[in-house]
Amino acid sequence: MFLADAANDRVLEVQTAPLQVRRSYAVPDGVAGLSAVSGPGGARVYFKGVRGEVGVLGGAQVTLAREDGMPLADVMDGVLMLGGQLFVTHRLSGELCSLNPDTLAVQRRVILGGMPVALDTYQGDLLVLDVNGRLLRVTLAGRVVQTWAVPGHPDKFSVNDTTAVLSDRAGMMTRVPLTGGPVSQVPMTHPMDVATLPDGTFAVAGGGQGLRVLDSGLHTTLNLNAAGQSR
């Protein structure tokens, strides 16, 4: 697996059994986004750098924009392969960029405004999370076809078949029913990230709090402390 070590300007390639770091890749100015994909040509790991770089670990690199002056902790972006295109958000410019995944040539820039920070898929389209309080459904051609207003400043999210769950470091989890219905929330201590599990539930990493599993209604079904013990 690959881990973004933003504080040390690198990506770590980690072997899980036995657990050890196999290789370290330097990323100039820090890592803002990371995505590993596999295909007929083998595996590739794409990264988005803090200042606007996009590259393949151990390979080509391009610069989407040159930005200065924003603290590392405030910069994050989404990287996602879909429909033969590599999509990357650029939070500082409010853009969604489509790149050729082989050459990294920029094919399209879509101005979304705000600060887009994360990407996922939904029924063949993109979902783009704006930290300023929007969840956007965008076609592969770059057309915004649906917008959900969401409270707070969420910066991570994940999707199952019908529901998006967003995490806000300020202490809130937000449920967005994609097929219709009201947006709802539950408080949670310092949620840092969320991922969809194979059964459609959501695993939420809490800063210093361990791991919690939520169902699609945001009800806790499992709570593991930092030591991995159920409670």
Does [X] use its side chain to pair, donor to acceptor, with the backbone of [Y] at less than 3.5 Å?
X	Y	answer
Asp168	Met172	no
Arg109	Ser98	no
Thr139	Arg143	yes
His153	Asn132	no
Asp130	Met115	yes
Asn160	Thr162	yes

Hydrophobic cluster identity match, [X] and [Y], side-chain contacts under 4.5 Å:
X	Y	answer
Val56	Leu86	yes
Phe87	Val128	yes
Leu119	Leu34	no
Val79	Leu82	no
Phe202	Tyr122	no

Report yes if the side chains of [X] and [Y] come closer than 4.5 Å at any heavy-atom pair, otherwise no.
X	Y	result
Met81	Pro101	yes
Leu127	Val159	yes
Gln146	Leu136	no
Leu218	Val165	yes

Considering only NZ, NE, NH1 and NH2 on the basic side and carboxylate oxygens on the acidic side, decide whether Asp102 and Arg44 come within less than 4.0 Å.
yes
Can you tell whether the side chains of Arg91 and Asp77 come within less than 4.0 Å, N to carboxylate O?
no
For Cys97, the option from Thr89, Leu64, Val110 that meets side-chain contact (heavy atoms from CB on, under 4.5 Å):
Leu64
Side-chain donor-acceptor pair present, Glu53, Thr63, cut-off under 3.5 Å:
no
Any side-chain donor paired with an acceptor under 3.5 Å for Asp193 and Ser167?
no
